[in-house]
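Values below: all heavy atoms of this structure, side chains included; hydrogens, waters and symmetry mates excluded. It should be emphasised that the depicted structure is a prediction, and the values quoted were computed from it without experimental measurement. To find a chain, count down the sequence lines: A is the first, B the second, and so on, and within it residues start at 1.
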2 protein chains.
Amino acid sequence: MLPVNDTAPPPAPAADRLVEATRELLWERGYTGTSPKAIQQRAGAGQGSMYHHFTGKPDLALAAITRTAEELRALADGLLSGPGTAVERVTAYLRRERDVLRGCPVGRLTQDPEVMADPVLRAPVEQTLGWLRVRLAEVLAEGRANGELPPSVDPSGTAATVVAVLQGGYVLARAAGDTAPFDQAVTGLITLLAPPA
Amino acid sequence: MLPVNDTAPPPAPAADRLVEATRELLWERGYTGTSPKAIQQRAGAGQGSMYHHFTGKPDLALAAITRTAEELRALADGLLSGPGTAVERVTAYLRRERDVLRGCPVGRLTQDPEVMADPVLRAPVEQTLGWLRVRLAEVLAEGRANGELPPSVDPSGTAATVVAVLQGGYVLARAAGDTAPFDQAVTGLITLLAPPA
DNA sequence: GTCTATAATCAGATAGAC
DNA sequence: GTCTATCTGATTATAGAC
């Protein structure tokens, strides 16, 4: 046992603060729109500190994107592997609390040509969204097998539809400056998936 | 009648070339990622020319966004007001030929904080996507009224779902580097909307 | 580990010649 | 209408002191 006798939590190390600041800025402004200086200012770290811990902007972005992707995946898996019927779990995922007007921190990166042009930065984006579609398809296949869903629903195709409604719902909400279109799109999908008796 | 005796089409004026170059670059790289210099180079125009015709980058972007929005709207209206049943017209719009990996030139702007922060640039984005949802809702209401669609489908909600599937389908396709997820999402939606007998 | 120079390049214009 | 020169500040680092 190490002699730990702190009463208050220690301040986050500079490297962690830099990654957190980068995560926020990538979400808000994208990769192209985020400068090292802005990261340093938000993290309360100087240039020397940043370039000591990371080789540059791409290196920092990779750390940030990786952490964000892991979080998103853990959250989704928790809901999709939780209790309830297949349709209930998909609905729970669709209805999960979200910062709708900020959009999806992973899906957003898809619109950044500099991210998509770099295989290293792109990989976690591709893998996360790919994993999500597969996981949803598994749950939907379960629902079809036990009769919750009609045989006409193709699990893979419907999984793509579900993820697309979320990603597209963010776009509509941002365009409208209002979360309502996101909720409408989700409700519309749920109605189609599980029509009221 | 003016004395027009040209055999070959005249070269596009510089102002037009600048707007077209801006349209392409906004689509490919977004507003933040597009510099005046890049626009000038693609248009084959110098700085003097650009700043003679436009007051600056925002002014040029407004012209570009407006033209793109008008095009998208005319195209959508042609299909949604064309021949066929309501479901056929919505399907035609969903299946319309698209440059899937480039994404939606209007929806893309939604992710650009500089665009969304400027009411003037933002207006055409908001209006175009808003109009599209309303127009789709009209067609879907028609389909519900004549029995093509079940009474459970809410026209406005379903319209949001349809647009979201398209916008989100682009995100999935870009993430995967492949158009397949877009097609899957669209097919999945059509199956839910009009299940095979 | 963090700080302060230093610097090459780009962004986004303005001014005035032609 | 278009060109070139000029300018301020940001971007994305590197070098070396502390």
Side-chain angles (χ1 to χ4, degrees), chain A residues 6 9-65 109 111-118 120-121, chain B residues 6 9-65 109 111-122:
Chain A
D6 46 348
D16 275 21
R17 293 200 319 271
L18 284 161
V19 172
E20 285 307 307
T22 305
R23 296 217 297 152
E24 292 174 16
L25 285 166
L26 286 183
W27 196 356
E28 291 169 21
R29 313 201 24 93
Y31 182 81
T32 299
T34 296
S35 68
K37 177 186 271 191
I39 294 170
Q40 292 151 25
Q41 285 174 342
R42 188 167 299 205
Q47 302 214 23
S49 180
M50 177 183 141
Y51 285 104
H52 172 74
H53 292 291
F54 300 93
T55 64
K57 180 175 158 178
D59 189 34
L60 237 179
L62 178 60
I65 293 172
L109 301 168
Q111 301 304 317
D112 212 306
E114 289 187 72
V115 170
M116 299 315 276
D118 182 338
V120 172
L121 293 182
Chain B
D6 48 348
D16 274 20
R17 294 201 316 273
L18 283 161
V19 173
E20 284 307 306
T22 305
R23 294 217 296 151
E24 291 173 16
L25 285 165
L26 286 183
W27 197 356
E28 291 169 21
R29 314 203 19 94
Y31 182 81
T32 300
T34 295
S35 67
K37 177 187 270 190
I39 293 170
Q40 293 151 24
Q41 286 174 343
R42 186 166 301 203
Q47 301 212 24
S49 182
M50 177 182 140
Y51 284 105
H52 172 73
H53 292 290
F54 301 93
T55 64
K57 180 175 158 178
D59 189 34
L60 238 180
L62 177 60
I65 293 172
L109 300 169
Q111 301 303 317
D112 212 306
E114 289 187 73
V115 170
M116 300 315 276
D118 181 340
V120 172
L121 293 182
R122 183 206 173 117

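Nucleotides of DNA chain C lying under 4.0 Å from heavy atoms of chain A occupy a range whose first and last members, 5' to 3', are C:dG1 to C:dC3.
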Throw together a table of side-chain donor-acceptor distances under 3.5 angstrom for residues 47-65 of chain A, partners on residues two or more places apart or in other chains.
residue	atom	partner	partner atom	Å
A:K57	NZ	A:Y31	O	2.9
A:K57	NZ	A:T34	O	2.8
A:D59	OD2	A:T55	N	3.1

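Remark: A:E114 engages no residue in a salt bridge (charged side-chain N to carboxylate O under 4.0 Å, His left out) (not counting sequence neighbours). In this view, B:R122 and B:E126 satisfy the salt bridge (charged side-chain N to carboxylate O under 4.0 Å, His left out) rule, not counting sequence neighbours. Partners of A:R23 under the salt bridge (charged side-chain N to carboxylate O under 4.0 Å, His left out) rule, at least two apart in sequence or in another chain, are A:E20, A:E71.
The two residues A:A45 and A:L18 come nearest to each other via the heavy atoms CB-CD2, 4.0 Å. The two residues A:Q111 and A:P113 come nearest to each other via the heavy atoms O-CD, 3.2 Å.
We find that CD1 of A:I39 is positioned 10 Å from P of D:dA13, with the value rounded to whole Å.
One finds the CD atom of B:E24 at 10.5 Å from the CG atom of B:L26 (value rounded to the nearest 0.5 Å).
Although no hydrogens or angles enter the test, the distance criterion places a donor-acceptor pair under 3.5 Å between the side chain of B:R17 and the main chain of B:G44.
Nearer the 5' end of DNA chain D, as judged by each residue's closest nucleotide, is the contact made by B:M50, out of A:M50 and B:M50.
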Table of protein N/O atoms under 3.5 Å from nucleotides 9-12 of chain D N/O atoms:
residue	atom	partner	partner atom	Å
D:dT11	OP2	A:S35	OG	3.4

